There are 2 protein chains.
Amino acid sequence: MNGQRSVTAEDVARLAGVSRSAVSRAFTNGASISSETRDKVMAAADRLGYRVNYLARSLTLQRTELVALVVSDMDHSFRARIVDLLSRGLVKAGYRPFLLPWSDGDDAGRLIDMMLHYNVSGAIMTSDTPPGEIAAHCARHGVPLVLVNKAPVDAHAPRVLHDVEAAGRLAAEALFEAGCRRVAYAGPRRPSYTIDARRAAFLRHAAELGMRCRFEANGARPNYAGGVEAAAEFLPRAGEVDGVHCGNDFLALGFLDRIRSDGLRVPADLSVVGCDNIAEAAWTSYDLTTVTQDAEAVVSACLAALIELVEGEEEPAPTTVIPVRLVRRGSTSHRA
Amino acid sequence: MNGQRSVTAEDVARLAGVSRSAVSRAFTNGASISSETRDKVMAAADRLGYRVNYLARSLTLQRTELVALVVSDMDHSFRARIVDLLSRGLVKAGYRPFLLPWSDGDDAGRLIDMMLHYNVSGAIMTSDTPPGEIAAHCARHGVPLVLVNKAPVDAHAPRVLHDVEAAGRLAAEALFEAGCRRVAYAGPRRPSYTIDARRAAFLRHAAELGMRCRFEANGARPNYAGGVEAAAEFLPRAGEVDGVHCGNDFLALGFLDRIRSDGLRVPADLSVVGCDNIAEAAWTSYDLTTVTQDAEAVVSACLAALIELVEGEEEPAPTTVIPVRLVRRGSTSHRA
DNA sequence: ATGAAAGCGCTAACAC
DNA sequence: GTGTTAGCGCTTTCAT
């Protein structure tokens, strides 16, 4: 099935009546070649359907355009969005995204193997489950790596993350301004760098505003099901508080659904604030007040850092913090 | 930054005191080599951190493990799921997913260029916006291609799709069994192969069951916003019907939210059936009855077809239809 | 079982 | 500006 021998520069050269190198030059930006021969080459190439073999080229060039995209939890719509934006940005910048899915329990060694087998010129790691150990491998083997919303690692690798400190503060302020004075926090049991950092900031700022955090409720993972679980743990003590901050939006939505089916009204009985501003948060059934994480800004900073790392002279900033802002919706009461 | 010269088979050979070919053989499955020399090679390779350069290898082998994943609309969570499953499946099967994002208005030529530049050994196209024209290019250049949930194309390319006929029928039956007799259809204006085919099947089966379809309402795209738009168009005539089938779940959720905020109660006033069974459909706020499309089955059929195409002797089936089934939830009334 | 040598498709340094 | 030549890292006959 896969028969047809591919057409090579040699074939084109023969047809155009020039040398192999002329063909190469015709396809190399800024090579010294007369427009006349270039035209001849291009015509021949067109006729034969010739395409430069980038794999062969990368052999001589000692570099590829491949960039590994290490990603887990694609079912999280925020992550899917990031991957989408990243891959588009990479292509636009002349790179080719190479998808390396990561699952809990995978072998970090195999992952780094793949990167090296294919000689990727860089890698991007998003979501916090892939172990930091991978970063050390990348560093050792000279693979430029950028981390997105991930914990710092021992190895030197630039990171891009949204402003977790501000996010926690904004969540606390939003509850405060909604009139809340006694709050709680609902989060995942599974550790997550950004969620945990945000939680800490939230608790600190809540305390500063005089809103003591009465208790915390947990679900297993930072998704809808985790929110439902956290709500179940929360409900018996619901009367003690008037505001809740949830670890992320997915969790908040599950939390909302669960407490509502128990008869609690939002925001009358309780104000709720999430984080991420996923598309679903804006849906009428939820109308969730949340802290927005600007995916496009995160991605463009990430790409800038990677490109600087790969092509640039200077080191990119070790950490780029992307600003966040509050999106006020119906899940927090509006005080006059 | 990207300094370190990569270690080659030559280096390993020297350290192990053997020839280059011995090294190659040590890494080639089923090559004739004594376990003694293999051990020597492996030890040296380990010490140097040697990895076979697959790009160089592919030059001699005349084939790569690269598979292009042409994907658009990754913000659709169902698509993200498919991409996730596909990439994991490909990696497991020894292939490497190469992500080629597609946006409306992109140039099909550039896309095929990339595939050829990198000598991909196959391609998978999901979602129906990328033009069928790409398939013709693939065929002409001998790139094995599998289509997922896409319209048939002129070029010969195996397709995998869920059973649209059954899906339409199940939706009609679900409404009928919920007691509906006068129904409507809400869909996107933007054409979509699977959605359009499902609509046709739905209308036909509804008629057979004696439920005349009174009218159709449309939104622009098959997403939440499109559902809201369709609902706006629907509401003035809401009284004429007792059941609605929506083009897909995302659209159904927007539709639900919009009609509910107008005071309509589901399923008391109206039963609603979607299609896809996205995660959100199960959320308490929606509890949407829907036709489930088994993403895992779709993906494994797709991979099987691709692998058969690339490695196999026989042609895979031109079309693989994946069964669907109804998931009954709260958006349709239960009759005794 | 092993090494030498040729060649995969390409680019670049070197002569002219 | 153009052709010739060497070489990128690898696999694979072909001898031995």
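Note that the coordinates shown come from a computational prediction; the quantities given were computed from them, not determined experimentally. Here is the naming used below: chain letters follow the sequence lines, and residue numbers restart at 1 for every chain.
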Would you mind writing out the side-chain donor-acceptor pairs for residues 299-306 of chain A within the sub-3.5 Å range, not counting sequence neighbours?
{"unit_1": "A:S300", "atom_1": "OG", "unit_2": "A:E296", "atom_2": "O", "d": "3.3"}
{"unit_1": "A:S300", "atom_1": "OG", "unit_2": "A:A297", "atom_2": "O", "d": "3.4"}

For residues 129-137 of chain A, dump all side-chain donor-acceptor pairs below 3.5 Å to protein atoms at least two apart in sequence or in another chain.
{"unit_1": "A:T129", "atom_1": "OG1", "unit_2": "A:S72", "atom_2": "OG", "d": "2.8"}
{"unit_1": "A:H137", "atom_1": "ND1", "unit_2": "A:R140", "atom_2": "NH2", "d": "3.4"}

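OP1 or OP2 of D:dG9 has not a single side-chain nitrogen or oxygen of A:Y118 nearer than 4.0 Å. For C:dG7, the OP1/OP2 oxygens have no side-chain nitrogen or oxygen of B:Q62 closer than 4.0 Å. The phosphate of D:dT11 has OP1 or OP2 within less than 4.0 Å of a side-chain N or O from B:S24. Within the 4.0 Å cut-off from OP1 or OP2 of C:dC10, at least one side-chain nitrogen or oxygen of A:Y50 is found.
At a threshold of 4.0 Å, the pair A:D75-B:R81 does not count as salt-bridged, since none of the basic side-chain nitrogens sits closer than that to a carboxylate oxygen.
Atom CG of A:L55 and atom P of C:dC10 are 11 Å apart (whole Å). To the nearest angstrom, P of C:dT11 lies 13 Å from CZ of A:R63.
For residues 84-110 of chain A, the set of pairs meeting the salt bridge (Lys or Arg N to Asp or Glu O under 4.0 Å) definition, not counting sequence neighbours, comprises A:D84-A:R88, A:D104-A:R190. For residues 55-79 of chain B, the pairs satisfying ring pair (Phe, Tyr, Trp, His ring centres under 6.0 Å) are B:H76-B:F250, with sequence neighbours left out. A ring pair (Phe, Tyr, Trp, His ring centres under 6.0 Å) check over residues 40-66 of chain A, counting only residues at least two apart or in different chains, returns the pairs A:F27-A:Y50, A:Y54-B:H117, A:Y54-B:Y118. Within the structure, the ring pair (Phe, Tyr, Trp, His ring centres under 6.0 Å) test picks out no pair touching residues 298-322 of chain A (sequence neighbours left out). Sorted by first and then second residue, the pairs that involve residues 18-32 of chain A and meet salt bridge (Lys or Arg N to Asp or Glu O under 4.0 Å), not counting sequence neighbours, are A:E10-A:R20.
Using a 4.0 Å heavy-atom criterion, one finds that B:L61 contacts the sugar-phosphate atoms exclusively. Residue B:V23 is classed as having no contact, given no heavy-atom separation below 4.0 Å to the nucleic acid.
Summary for the helix from C:dA1-D:dT16 to C:dC16-D:dG1: the axes at its two ends, each from 5 pairs, differ by 40° when rounded to the nearest 10 degrees.
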Just the table, please: protein N/O against nucleotides 1-4 of chain C N/O, every pair under 3.5 Å.
{"unit_1": "C:dA1", "atom_1": "OP2", "unit_2": "B:S32", "atom_2": "OG", "d": "3.2"}
{"unit_1": "C:dT2", "atom_1": "OP1", "unit_2": "B:S34", "atom_2": "OG", "d": "3.0"}
{"unit_1": "C:dT2", "atom_1": "OP1", "unit_2": "B:T37", "atom_2": "OG1", "d": "3.3"}
{"unit_1": "C:dT2", "atom_1": "OP2", "unit_2": "B:S34", "atom_2": "N", "d": "2.9"}
{"unit_1": "C:dT2", "atom_1": "OP2", "unit_2": "B:S34", "atom_2": "OG", "d": "3.2"}
{"unit_1": "C:dT2", "atom_1": "OP2", "unit_2": "B:T37", "atom_2": "OG1", "d": "2.6"}
{"unit_1": "C:dG3", "atom_1": "OP2", "unit_2": "B:S19", "atom_2": "N", "d": "3.1"}
{"unit_1": "C:dG3", "atom_1": "OP2", "unit_2": "B:S19", "atom_2": "OG", "d": "3.0"}
{"unit_1": "C:dG3", "atom_1": "N7", "unit_2": "B:R25", "atom_2": "NH2", "d": "2.7"}
{"unit_1": "C:dA4", "atom_1": "N6", "unit_2": "B:S21", "atom_2": "OG", "d": "3.2"}

